[in-house]
Structures are given as C-alpha cells and as structure tokens.
Amino acid sequence: MRLLVRFFGFLFAAGTVVFLVGVGAVAGLIWHFSKDLPDYSQLQDYEPPVMTRVHAVDGSLVGEYAKERRLYLPIQAVPKLVINAFLAAEDKNFYEHGGIDYTGMARAGVAYIQNYGSNRRPQGASTITQQVAKNFLLTNEVSFARKIKEALLAMRIERTYSKDKILELYLNEIYLGLGAYGIAAASLVYFDKSVNELTISEAAYLASLPKMPATLHPVRNRDRAIERRNYVIDRLVENGWVKQADADKARKEQLVVASRGNGAHTFAGEYFAEEVRRDIFERYGEKKLYEGGLSVRTTLDPKIQVMARKTMVTGLVNYDEQQGYRGAISKLDISGDWGVKLADVKSLGDISPWRMAVVLETSDQSARIGFQPGRELGGAISKQRETGLITVDGVKWARAASGNAKGRTPGSVAQVLQPGDVIYADPLYKDGNPVEGQYRLRQIPEVSGAMVVMDPWTGRVLAMVGGFSFDQSQFNRATQAYRQPGSSFKPIVYSAALDNGYTPSTVVVDAPIEIDQGQGAGVWRPENFDAGKYNGPMTLRNALRLSRNTVTVRLAQDIGMPLIGEYARRLGVYDELPNYLSYSLGAGETTVMRMVTAYSMIANGGRRVKPTLIDRIQDRYGHTVFKHDQRECRGCDAPGGWKNQAEPQLIDRREQVLDAMTAYQITELLEGVVQAGTATVIKEVGKPIAGKTGTTNEAKDAWFVGYSPDIAVGVYMGFDKPRPLGRGNAATGGHLAAPIVRDFLKLALADKQAVPFKVPAGIKLIRVVSKTGMRAGPGETGGTILEAFKPGTAPPDNYSVIGVADADGRLPQQAPPDSGFFMRPGTGGLY
C-alpha cells in the first residue's frame with residue numbers, strides 16, 4: 001500500500017512539475033509573441049480606403065474613383081440576412097466565443113495531422129475576430145507564429161471592442177473579388193444593387209467569397225460558385241436563419257451577375273466625369289481622391305447633357321457625311337466564325353446606338369451585316385450572333401470622298417460595301433420610326449469640336465461635350481483645346497467701346513483700312529468676310545449684326561488694345577492679350593469654357609462668375625469641405641418654423657466686372673445678330689436669344705456662343721489638326737456651329753416660357769431709325785427699333801463720321817446726298 005501511495009505521490013509531483021513547466025513554457029511563449037504584437041487600439045480610429053463617388057444634380061451616379069472599391073457601411077445598416085449569411089459561411093458561433101473557436105481549432109489540428117506531408121494548405125480555423133486581426137494587423141504568412149499572434153490579438157480585440165464593432169470592421173474590409181472590398185461595394189459590383197435589395201441566393205453567394213473569390217468567379221467557375229453558394233444556403237437553414245421553402249427556391253435560382261464598369265455611369269458624361277476627377281485631384285491629391293471617401297455633388301444635369309451630346313454629335317456627323325464616305329474601318333476574313341474575329345477588333349463603347357459590324361454579303365439592293373458580339377463578365381465572347389440589313393436608303397449619303405470633289409450618290413449598296421468591310425451602323429429611321437431589321441451606314445467623323453452649357457447666373461456647368469467620343473480621345477476640347485474664337489470675340493471689343501463713350505447708334509465707317517505695323521512688319525489690310533465689299537457708314541448695331549471686321553478694327557484703334565485686353569481679362573477670355581489690332585478680331589487662342597463664361601457675365605448683368613463643375617464636396621463623415629456658391633443667405637435658417645418673418649435674402653458680393661447697362665446694350669446688339677444678322681438660323685428657337693457667330697481665317701474654326709435669360713451655350717467645330725472646313729458661307733459659324741446650338745436650345749427650352757431679357761434700372765429705350773441710328777420722328781414707325789441708351793446719352797439728330805478719306809487722302813466734307821450721313825473732317829480713322 002505504501003508503495004502504491006508513494007507511486008501516486010510521485011506521479012502527482014511529476015505531473016505538477018510538468019504542469020508548472022508547461023504553464024511556464026506557455027507563459028514564455030505568450031510573452032515572446034506578445035512583445036511584438038501590433039497596437040490593436042488603432043482599430044478604434046480605423047479609416048479604410050473608401051471610394052470617392054460623384055453624383056449629378058438629380059442624385060444619379062456619375063462616376064466612382066478608387067484603388068479599392070469600398071463603401072463603408074455601419075453595422076446598423078447591414079440587413080440581418082447578409083449578416084447571417086456571412087456568419088453561416090465563416091463563423092456561426094461568432095456571438096458566443098471569446099475570439100477563438102477551440103472546437104474549430106481541434107478540427108483543424110486533426111486535419112493537419114491527417115494531411116501532413118501532402119503539401120496541402122493547412123485547414124483554417126480562424127474566427128471572424130481572428131480574420132480581423134490578420135487583415136488589419138498581420139500578414140497572410142502561413143505559419144504557426146502568425147496563428148499564435150492572430151489568436152492573441154483576437155482575444156485582446158474581443159476584450160476591447162463589441163461584437164458588432166468587430167463584425168462591422170470585417171464586413172467592410174474583406175476582399176470579395178472583381179476589385180470590390182466590403183459588402184456594400186461587392187453588392188454593387190456583382191449585382192448592381194444595394195445590400196438591402198439582395199436576395200437569399202445573392203447574399204449567400206457574396207458570403208461564399210471571402211476565402212477564395214477568384215476560384216468562385218461567377219462566370220469562369222460558375223458550377224463551383226453555385227455549389228459553394230448552395231452550401232451557405234444549407235448552413236442558413238441548419239442554423240434556423242432561413243426557412244426550408246425559401247432555401248429550396250434560392251438553390252434553384254441561376255447565378256446572374258449584373259456587373260457595372262468603372263467608367264462614367266451617366267450616359268454621355270465621360271468628359272464631364274474626367275474633368276471632375278482632375279479637379280478633385282488638383283484640390284486634394286491622389287490619396288484623397290482614391291481613398292478619401294469623398295461625396296461630390298456636381299452641376300451636371302443628365303437631361304441637358306444628353307441633349308448636348310445628341311445635338312453636338314449630330315452636327316459633327318452631318319458635316320462629316322457631307323464630305324463623303326472614306327471607306328471601311330478595316331477588312332476582316334469572314335470565313336469561319338466571324339463573331340470571334342470581330343470581337344477582337346477595338347470598337348468605341350460610348351457612341352450608342354452605333355454598333356460595330358462586319359459586312360457578310362452584298363447585292364445591289366442590300367448588304368447583310370453581322371454585329372460585334374458582346375463579352376461576358378469573365379471576358380468570354382457571347383455565343384449570340386446578331387445580323388441585320390443595310391439597304392440603299394442606308395448608304396445614300398456615302399458618296400466617294402476625294403479631296404474637294406465628291407462622287408455621285410450611290411445607286412446600289414455594292415458600290416459602297418464589300419464582304420469583310422468592318423463598319424459602324426445604327427438603326428434606319430423613316431418618318432421618325434425605326435425600320436425593323438434595317439440599318440444605316442455610319443463613319444467616325446474626322447472633324448471634332450466641343451460644347452459647354454452653363455447657368456449664366458452662377459457659372460454652374462450644366463453639360464459638357466468634349467468631342468465625338470471619349471473612348472476615341474480623352475482630350476477634352478471644351479477645356480483643353482485652345483482655338484481662335486474669331487468674330488465671337490467682338491462683343492468684348494464692343495463692351496469696351498460702350499463703356500467708353502460709344503452708343504449702339506454711334507456711326508462707324510465700314511471701309512478699307514491700312515495699318516502700318518512698324519518695325520518692318522509691313523502694312524496690314526484687314527478685310528471683311530466678303531472681301532472687297534463695304535457698307536460705308538453704319539451704326540454699331542448694324543456693324544456687329546453683320547460682323548464687319550473693319551469697323552471692329554477702327555473701334556480697337558480708337559479705344560486702344562490695352563483697354564480691350566483689360567476687358568478680356570476681366571471677362572476671363574484671356575489672361576493677357578497682346579497689343580496687336582488683329583487680336584480684336586479673335587486672333588488669340590482661348591477655350592469654349594472661357595468664351596461661355598465671358599458671355600455668361602454679359603448675360604447676368606456683368607457679375608463675375610467662376611465656372612464650376614462641382615456644387616459641393618463632403619468628406620466621408622458628411623462634413624462639407626467645399627461649396628461653390630459663396631452667397632450669403634440671410635434668414636434662410638428659421639428655427640421653430642415659419643412665424644411670418646421676412647423672406648430670406650441672398651447677399652451677392654461678387655465683383656461687377658461689366659457695367660449692367662453696358663451688358664444689356666451688348667445683349668440687345670447680340671439679339672440683333674440672331675434676328676437679322678449672321679445667326680438668323682437661331683430664330684427658329686422662338687425664344688429671346690442673344691449670341692454671336694465666329695469664323696477664323698481660312699475657316700479653320702466655326703463658332704457660336706450665345707445665351708437666353710437662363711442658359712448660356714457655346715460651340716466650336718474644327719479639326720484637331722487645324723485645316724479649312726470648306727469655302728464660302730458653307731464653312732462659317734452661322735452655317736456649322738449655330739445650327740447645333742439651335743437644335744440644342746429647341747430641346748433645352750422646349751418647356752420654358754419666352755421671357756425677355758431684364759432691362760436694368762437707368763436704361764432708356766428710345767426709338768431710332770435702324771439704318772442711321774438717328775432719333776425717329778413723331779409717328780415714324782417704318783424701319784425703326786427701340787434702342788437702349790445710358791443716362792446722359794441719346795441718339796443724335798444728325799451724324800458725324802470722323803476719319804473718312806477719299807482715294808487721294810482728302811477728307812470730304814459731306815457724304816453722298818443719298819447716304820443720309822453727314823461727314824466732317826477728323827483726326828484719323830476713328831469712327
């Protein structure tokens with residue numbers, strides 16, 4: 001018995017020693033790994049990289065910018081279904097354990113022993129808390145040391161943070177494939193839905209992704225993805241979180257993804273979105289743009305943007321088709337499966353409804369074409385092959401292009417198209433309706449241009465078209481292309497004149513003029529567009545209406561180019577205008593954005609506006625960090641509701657860069673351009689419109705910039721490598737650019753009432769004879785108009801024309817008897 005007692009005593013002592021040694025070893029091990037553990041308290045202030053989202057004025061999404069596509073979602077906003085799906089897939093005991101699932105660890109240990117030496121990756125036993133520790137604080141290294149650190153951190157995290165906080169970090173940090181981080185972004189990327197809209201099947205699929213997102217790709221590995229999704233659905237039933245009937249229905253659902261791309265999400269908004277991206281980058285830098293979670297509310301009006309895009313593209317295409325058909329994009333061997341070959345040809349994805357196609361066979365009456373097949377999410381080419389017909393009606397425009405000589409209108413389709421031709425086509429319309437199965441031949445225009453639409457009172461850019469296709473060229477011609485504005489610059493010259501002694505009825509001579517440029521530069525002889533034709537003495541109104549160059553040069557010679565340069569700087573057209581008289585005719589280079597901004601200041605009565613594409617920027621916490629509108633609103637805050645207090649007032653402290661009465665006079669003159677000048681095509685809008693055409697030397701650029709009381713718009717058309725657009729009137733701003741603006745304004749102002757331009761206080765409207773500018777006599781109505789005059793000015797009863805010389809240099813004392821003008825000697829070519 002003693003021996004037995006001594007034996008058990010020995011065993012107890014030995015066990016105690018082993019236990020103490022084991023405890024010491026474990027304590028030493030914990031101490032060893034604990035001293036190098038990262039600071040887990042940083043999780044409290046964790047700010048994950050979150051995508052910046054850009055929205056239009058109606059709240060629709062314009063674009064997203066991120067290195068990691070993530071939207072941070074508080075746990076309170078996560079549906080219970082989604083939470084249960086991830087718990088079923090990853091850690092069903094999450095709310096019971098203290099950070100480590102010992103049962104799972106034992107199961108993983110047994111599996112490790114069984115697979116030892118097989119080179120298989122060890123089975124994981126990580127809880128959600130351990131995954132948070134690994135994802136936030138450790139590496140993905142497969143080792144016992146990392147697992148020990150992970151377990152130690154998990155226990156400390158559990159003691160510090162609530163379960164909901166840990167789950168929130170996990171659900172927002174995990175990578176779920178296709179560039180999506182966190183469940184909110186993944187829901188959008190895979191299904192184009194918010195998490196609140198996910199079905200049982202969709203939530204289960206997302207929950208299956210954390211461990212192997214690439215392996216469970218919904219297209220490349222569809223069967224395996226569905227198998228894993230169904231496994232998660234089974235676990236939901238097993239845990240009592242989903243009813244059996246609902247689970248059976250969810251298993252039968254197809255795995256259908258509706259992935260959305262990374263580009264602009266508003267149709268035709270690519271140039272606008274890219275300009276906003278550049279703006280944010282310049283303001284806050286790359287890190288804030290791609291990781292800062294900014295919420296950007298832009299000025300983009302999607303409806304107006306679509307109108308601008310449609311009319312601009314139509315104008316470019318119409319001009320291009322008038323130049324003739326240049327031939328197929330390329331040739332393709334159509335033997336075998338033509339769809340696979342055509343899918344590899346690069347096409348433009350932002351010119352819908354145009355589609356790339358290949359000609360399969362032709363005859364005199366038609367050509368059968370096959371459209372480029374789409375690609376599935378995994379990049380696989382769609383097996384569907386769609387075909388259509390191009391008839392003679394679809395190629396009537398396609399005369400052969402050969403320099404300035406155009407071929408005859410084609411009499412058959414085979415004259416234009418041959419099998420293997422790669423082309424673009426879109427539906428053929430007759431009487432405003434598409435003809436089923438029939439298409440029209442299209443070609444990408446060589447000519448380009450830009451359009452900007454602005455609110456003239458605030459400078460908010462409502463729409464922007466930077467070219468025919470963003471996919472074709474990301475160069476934004478609205479903001480980056482510096483072109484000569486031609487005669488569309490003349491209103492700035494006239495503004496300086498009206499501010500410095502001239503009136504709309506001042507008479508100026510439209511006649512040849514010679515200017516010695518000095519320093520051996522020779523003599524400059526500016527001419528009107530219709531070279532060799534001059535109208536003699538004429539009022540400023542008529543000179544601007546008919547865009548007479550010699551009159552503008554005489555004005556610039558009188559008031560001086562430095563003063564004109566100052567007005568151009570104030571209105572934002574040029575930062576510094578050289579003191580050459582040719583610049584008064586728009587020889588300097590500027591952008592469409594700058595020109596529309598200048599006209600906006602004229603339209604709003606001379607108040608400075610700064611063009612902006614952004615209304616407001618908020619940080620990830622909803623705090624406003626930028627606001628464009630700096631006007632003070634007194635009385636806008638009404639605590640306690642309405643109590644019969646005074647109406648709120650907007651206090652506008654913006655600089656007055658142009659006299660309000662001068663601005664109105666220019667507006668009246670520009671209305672004349674539309675009503676009876678170089679832009680009469682705009683009259684078709686049927687609303688009060690003021691504006692000016694512009695055509696540069698050799699017709700390399702065609703412009704129109706104008707405005708209604710509430711909207712300003714500018715367009716230029718030209719080749720990226722400048723060359724003449726044509727000859728004569730067919731290549732002018734009135735013929736090329738103005739019709740685009742007309743078509744746009746018809747759409748944009750369709751539901752607007754015809755409101756006249758507001759007359760500022762102090763302006764006097766006096767009836768004058770439109771030809772001479774003299775005050776109209778009592779009862780005289782024929783050939784008269786109401787002209788705007790500032791206080792202290794009035795139409796004269798007779799007119800002096802200073803600086804008119806005959807061929808011998810003599811100054812005649814009187815004009816021809818039938819001219820209606822009196823001439824007297826002057827001191828040079830002034831008026």
Side-chain angles (χ1 to χ4, degrees), residues 268-269 271-272 301 303-323 351 354 397 442-454 456 461-470 476-479 481 483-488 547 591-596 599-600 670 673-674 677-687 689-696 699-708 711-720 722 725-726 729-750:
Y271 284 106
F272 194 102
D301 186 320
K303 293 181 180 179
I304 293 180
Q305 178 66 40
V306 170
M307 296 174 189
R309 158 79 180 177
K310 177 182 177 180
T311 52
M312 187 72 209
V313 165
T314 299
L316 296 176
V317 170
N318 286 346
Y319 170 84
D320 188 72
E321 289 186 353
Q322 290 171 9
Q323 312 312 305
I351 57 174
W354 292 22
W397 67 270
R442 293 292 192 181
Q443 73 178 355
I444 304 300
E446 288 185 336
V447 71
S448 196
M451 176 188 286
V452 171
V453 183
M454 184 179 292
V461 178
L462 306 177
M464 174 192 294
V465 183
F468 175 76
S469 165
F470 186 78
N476 190 340
R477 294 156 188 84
T479 59
R483 313 287 291 217
Q484 293 181 344
S487 293
S488 63
S547 197
T591 67
V592 179
M593 179 70 79
R594 285 181 169 230
M595 288 299 294
V596 175
Y599 275 63
S600 292
L670 294 178
V673 174
V674 170
T678 58
T680 52
V681 67
I682 302 291
K683 283 171 51 177
E684 297 177 29
V685 177
K687 308 286 173 62
I689 306 292
K692 184 69 184 73
T693 56
T695 309
T696 63
K700 292 181 178 178
D701 292 293
W703 289 71
F704 180 84
V705 189
Y707 51 89
S708 73
I711 194 170
V713 57
V715 165
Y716 100 83
M717 182 188 292
F719 293 99
D720 286 343
L725 291 163
N729 289 328
T732 62
H735 185 80
L736 296 177
I740 297 174
V741 176
R742 172 202 61 196
D743 294 342
F744 167 75
L745 291 176
K746 280 184 176 181
L747 296 173
L749 303 180

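Model, not experiment: these values are computed from the prediction. Note: hydrogens, waters and symmetry copies are ignored here, and every other heavy atom, side chains too, is used.
- Under a 3.5 Å cut-off, the side chain of Y599 and the backbone N or O of R594 do not form any donor-acceptor pair.
- The ring pair (Phe, Tyr, Trp, His ring centres under 6.0 Å) test applied to Y716 returns W703, not counting sequence neighbours.
- A search for salt bridge (charged side-chain N to carboxylate O under 4.0 Å, His left out) contacts involving K687 returns nothing, not counting sequence neighbours.
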Let me have the donor-acceptor pairs involving side chains of residues 738-747, under 3.5 Å, with sequence neighbours excluded, atom names and distances please.
unit_1 : atom_1 : unit_2 : atom_2 : d
K746   : NZ     : E684   : OE1    : 3.3

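- Between the CG atom of D720 and the CD atom of E446 there is a distance of 10.5 Å, given to the nearest 0.5 Å.
- What you find for T695 and G733 is that their closest heavy atoms are OG1-N, 2.8 Å.
- Distance CE/M454 to CE/M593: 5.5 Å, rounded to 0.5 Å.
- To the nearest 0.5 angstrom, M451 atom CE is 9.5 Å from M717 atom CE.
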(message) T591 vs T479, test: side chain to side chain contact (heavy atoms under 4.5 Å, CB included). Steps then yes/no.
(response) CA-CA 6 Å; T591 67; T479 59; 5.8 Å; no
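- Partners of F468 under the ring pair (Phe, Tyr, Trp, His ring centres under 6.0 Å) rule, at least two apart in sequence or in another chain, are W354.
- The salt bridge (charged side-chain N to carboxylate O under 4.0 Å, His left out) test applied to R309 returns no partner, not counting sequence neighbours.
- Atom CG of D701 sits about 7.0 Å away from atom CG of L725, to the nearest 0.5 Å.
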(request) Any chance you could lay out the side chain to side chain contact (heavy atoms under 4.5 Å, CB included) test for I351 and R442, step after step, and finish with the verdict? (result) CA-CA 11 Å; I351 57 174; R442 293 292 192 181; over 6 Å; no
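- Looking at residues two or more places apart in sequence or on another chain, you find a side-chain hydrogen bond (donor to acceptor under 3.5 Å, both in side chains) between T693 and T678.
- Shortest non-hydrogen contact noted between S488 and K692 is CA-CG, 3.8 Å.
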